[in-house]
Amino acid sequence: MLFFVQYGSSQVDLTKADNLFLQSLNPVECRDYLESVLPKAHNGKEKAEVLCRLSKTYLILGQNESSRDRKRELFGKGVSYAEQAIREDSTNPECYMWHSGNVGRECQTRSITEQIKKLSVIMDDLTMILDKMKMTEY
């Protein structure tokens, strides 16, 4: 299932990245492709789409890693890309989803005390996802 919307740029083909991820499950090739097209994204929405996919890819790379330190590094990069995506397009719920995913996985490599400190970040992200999808009632 694809969560992303293509924004019609002739310079950035996100279909290739989605296919690399979904069909071949090759996160390294997907990461390399996304990092190569990021400079070609010409507006905030496109940049956010690329950055979200990078965050998602780093989540998978981190999950596939055996070293705790390397996991932290990869999940940390995923968090960074998601934060950049949020700055580019704060209306995209995907930005918050991949942010919370990477924060959650990164904190699992830490002590329980540090994990508890991150719960509010994850809950804030989940609230933003529901808000951006207009699934909350006030």
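Predicted model, so just to flag it, every value in this text is computed and none were measured. In what follows, every heavy atom counts, from backbone to side chain, and hydrogens, waters and symmetry copies are set aside.
The existence of a salt bridge linking Glu49 and Arg53 is confirmed by a sub-4.0 Å separation between a basic side-chain nitrogen and an acidic carboxylate oxygen. Checked for salt-bridge contact, Lys47 and Asp89 miss the test: no charged N lies under 4.0 Å from a carboxylate O.
Contact detail for Leu74 and Tyr58: the closest heavy-atom pair is O-CB, 3.5 Å. Contact record, Leu34 with Ala17: CD2-CB, 3.5 Å, taken as the closest heavy-atom pair.
Separation of atoms CG (Asp131) and CG (Asp125) is listed at 12.5 Å; rounding is to 0.5 Å. Here the NZ-CG distance, from Lys71 to Asn64, works out to 7.5 Å after rounding to the nearest 0.5 Å. Taking CG of Leu61 as the reference point, atom CZ of Arg70 lies at 8.0 Å (rounded to 0.5 Å). Within the model, atoms CD of Glu29 and OG1 of Thr57 stand 11.5 Å from one another, a figure rounded to the nearest 0.5 Å.
In this view, Arg110 and Glu106 satisfy the side-chain hydrogen bond (donor to acceptor under 3.5 Å, both in side chains) rule, not counting sequence neighbours. The side-chain contact (heavy atoms from CB on, under 4.5 Å) check on Ser80 picks up Gln84, with sequence neighbours excluded. Not counting sequence neighbours, the partners of Ser55 by the side-chain hydrogen bond (donor to acceptor under 3.5 Å, both in side chains) test are Asn102.
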side-chain hydrogen bond (donor to acceptor under 3.5 Å, both in side chains) between Thr109 and Arg72: does it pass, once the steps are laid out?
CA-CA 7 Å; Thr109 67; Arg72 284 183 188 154; 3.0 Å; yes
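Atom NZ of Lys118 has 12 or fewer heavy atoms from other residues, nucleotides or ligands within 6.0 Å.
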